Amino acid sequence: MNDYYKFVNTPLPYGLGALEPYIEQKTMEVHHDKLLQAYVEKLNDTLKDLPWLQKLSLEELIIQADTLPMSVRTSIRHFAGGVYNHRLYFDGMAPGRSSAPSGRLGEALNRTYGSFGGFKNEFKEAAMSVFGSGYAWLVTGKNGELRIFVTANQDTPLTRTARPVLTIDVWEHAYFLQYLNRRGDYIDAWFHVIDWARAEKNYLAAAGSE
Ligand code: MN
């Protein structure tokens, strides 16, 4: 795992073109290889002269950001959040996966949202509602319940006593090359490449940590 300084840009668990036609290779190249790479470098740069912060994991940096000195707080929030959010997003996708979750997450989604379609509608609505740049999330709350919410910029739900199950990046850089301003089309396409096995793992891990 690469949870500690010095951070590296972990390779995608699939090829850059593997999510086509839903997400094109050109978008993935810019997003993963250039944009996330820059976040990793800026995070390392922020930490390079701060050995006491180098001992903290990526999650600890995010959770403790508000207690850090003002001089680094904003950088940590942007860059540690950016690395964490992008990893969840990229690792949460895979080519050729089933179009709906099964197992305990599938049951929990049905219970919470009435049906898988009900979940999709609510999640899409949330992702459409992000004003400017941010993410939509499926998380487990502090009692293990499923919740949908959105964050701005590179904020993460980790700071809100929640554990993420699934996330979609709705910054324009995630879709503009392919979908222009049609965010809804991008969200519909993203539903085809969700790695539900990974989401299930995240869900069970979160449930176990309560
Ligand atoms: Mn992004």
Side-chain angles (χ1 to χ4, degrees), residues 1-20 22-47 56-65 74-95 97 123 126-127 130 132-139 148-160 162-179 183 186-187 189-199 201-202 205-206:
M1 287 301 286
N2 176 234
D3 288 334
Y4 288 86
Y5 181 87
K6 195 174 186 178
F7 295 96
V8 297
N9 189 7
T10 43
L12 289 169
Y14 43 81
L16 282 167
L19 302 181
E20 292 192 355
Y22 303 108
I23 302 180
E24 286 176 352
Q25 176 158 345
K26 196 170 177 208
T27 293
M28 295 298 284
E29 278 170 8
V30 171
H31 201 178
H32 180 272
D33 292 0
K34 298 207 162 60
L35 210 133
L36 177 52
Q37 179 67 30
Y39 273 97
V40 169
E41 286 168 11
K42 284 172 183 167
L43 177 58
N44 286 332
D45 199 47
T46 301
L47 297 173
L56 298 181
S57 72
L58 185 61
E59 287 197 14
E60 286 167 337
L61 283 168
I62 291 165
I63 290 166
Q64 296 178 27
T74 303
S75 295
I76 295 285
R77 186 178 290 148
H78 289 173
F79 303 135
V83 171
Y84 180 87
N85 294 348
H86 278 108
R87 281 184 179 174
L88 264 170
Y89 169 70
F90 286 124
D91 290 350
M93 298 187 287
R97 292 305 156 103
F123 194 89
V130 175
S133 300
Y135 295 76
W137 300 82
L138 178 67
V139 304
I148 293 168
F149 64 72
V150 300
T151 53
N153 304 314
Q154 295 296 354
D155 288 350
T156 90
L158 273 178
T159 51
R160 304 192 200 177
R163 302 291 310 176
V165 173
L166 191 65
T167 192
I168 182 172
D169 183 341
V170 291
W171 286 58
E172 279 191 347
H173 65 233
Y175 62 89
F176 202 85
L177 269 179
Q178 184 175 356
Y179 293 99
R183 186 192 286 184
Y186 158 65
I187 297 166
W190 172 79
F191 273 110
H192 288 274
V193 293
I194 296 172
D195 184 348
W196 285 109
R198 171 71 68 132
K201 252 186 224 170
N202 293 342

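Please read these numbers as outputs of a predicted model, since none were measured by experiment.
Looking at Asn153 and Arg77, their side chains never bring a donor and an acceptor atom within 3.5 Å of each other. For the residue pair His86 and His32, no side-chain donor N or O sits within less than 3.5 Å of a side-chain acceptor on the partner. If you check the side chains of Tyr39 and Gln154, you find a donor sitting under 3.5 Å from an acceptor.
Residues Ile63 and Leu158 share a closest heavy-atom pair of CG1-O, 4.0 Å. Smallest separation of non-hydrogen atoms from Gly17 and Gln25: CA-OE1, 3.5 Å. Residues Ala199 and Leu166 approach most closely at CB-CD1, 4.2 Å, considering heavy atoms. Ile187 approaches Ala127 most closely through the heavy-atom pair CD1-CB, 3.5 Å. Taking both residues in full, the closest heavy atoms of Phe7 and Leu43 are given as CD1-CD2, 3.5 Å, listed atom of the first, atom of the second, then distance. Of all heavy-atom pairs spanning Ile168 and Tyr89, the tightest one is CA-CD1, 3.9 Å.
With Asn85 contributing its side chain and Asp155 its backbone, the two residues share a donor-acceptor pair below 3.5 Å. Between the side chain of Glu24 and the backbone N or O of Gln178 there is no donor-acceptor pair closer than 3.5 Å. A donor-acceptor pair under 3.5 Å is absent between the side-chain atoms of Asp169 and the main chain of Tyr135, judged by distance alone.
You'll find the side chain of Val165 stays beyond 4.5 Å of the side chain of Val139, heavy atoms only. Residues Ile76 and Gln64 are not in side-chain contact: their nearest non-hydrogen atoms beyond the backbone lie 4.5 Å or more apart. Side chains of Phe176 and Arg183 form no contact here, defined as non-hydrogen atoms less than 4.5 Å apart. Side-chain contact check for Asp3 versus Glu59: every heavy-atom pair is 4.5 Å or farther apart. Side-chain contact check for Trp137 versus Val150: every heavy-atom pair is 4.5 Å or farther apart. The shortest distance between side-chain heavy atoms of Leu58 and Tyr5 does not fall below 4.5 Å. Contact annotation: the side chain of Pro13 approaches that of Asp91 to within less than 4.5 Å [non-hydrogen atoms, C-beta and beyond]. Inter-residue side-chain proximity for Tyr22 and Pro95 is flagged as unmet; no heavy-atom pair is nearer than 4.5 Å.
Remark: Arg198 engages no residue in a side chain to side chain donor-acceptor pair (under 3.5 Å) (not counting sequence neighbours).
Atoms OG1 and CG, from Thr27 and Leu177 in turn, are 4.5 Å apart once rounded to the nearest 0.5 Å. The CG atom of Leu138 sits 6.0 Å away from the CD1 atom of Ile148 when rounded to the nearest 0.5 Å. Taking CH2 from Trp171 and CG from Leu35, the interatomic distance works out to 8.0 Å, rounded to the nearest 0.5 Å. Summarising the geometry, atom CG belonging to Asn9 is positioned 5.0 Å from atom CD belonging to Gln37; distances are rounded to the nearest 0.5 Å. The CE atom of Met28 sits 10.5 Å away from atom CG of Leu36, with the distance rounded to the nearest 0.5 Å. Residue Asp195 holds its CG atom at 10.0 Å from CE of Met93, rounded to the nearest 0.5 Å.
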Val170 and Tyr186: side-chain contact (heavy atoms from CB on, under 4.5 Å), yes or no, with the steps?
-> CA-CA 9 Å; Val170 291; Tyr186 158 65; 4.2 Å; yes

Please step through salt bridge (Lys or Arg N to Asp or Glu O under 4.0 Å) for the pair Lys6 and Glu41, ending with a clear verdict.
-> CA-CA 9 Å; Lys6 195 174 186 178; Glu41 286 168 11; over 6 Å; no

Determine, stepwise, if the pair Arg87 / Phe90 fulfils side-chain contact (heavy atoms from CB on, under 4.5 Å).
-> CA-CA 5 Å; Arg87 281 184 179 174; Phe90 286 124; over 6 Å; no

Can you check side-chain contact (heavy atoms from CB on, under 4.5 Å) on Leu88 and Asn202, steps first, answer last?
-> CA-CA 10 Å; Leu88 264 170; Asn202 293 342; 4.0 Å; yes

Test Leu61 against Leu47 for side-chain contact (heavy atoms from CB on, under 4.5 Å), laying out the working first.
-> CA-CA 10 Å; Leu61 283 168; Leu47 297 173; 4.0 Å; yes

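You'll find the ring centres of Trp196 and Phe191 outside the 6.0 Å limit.
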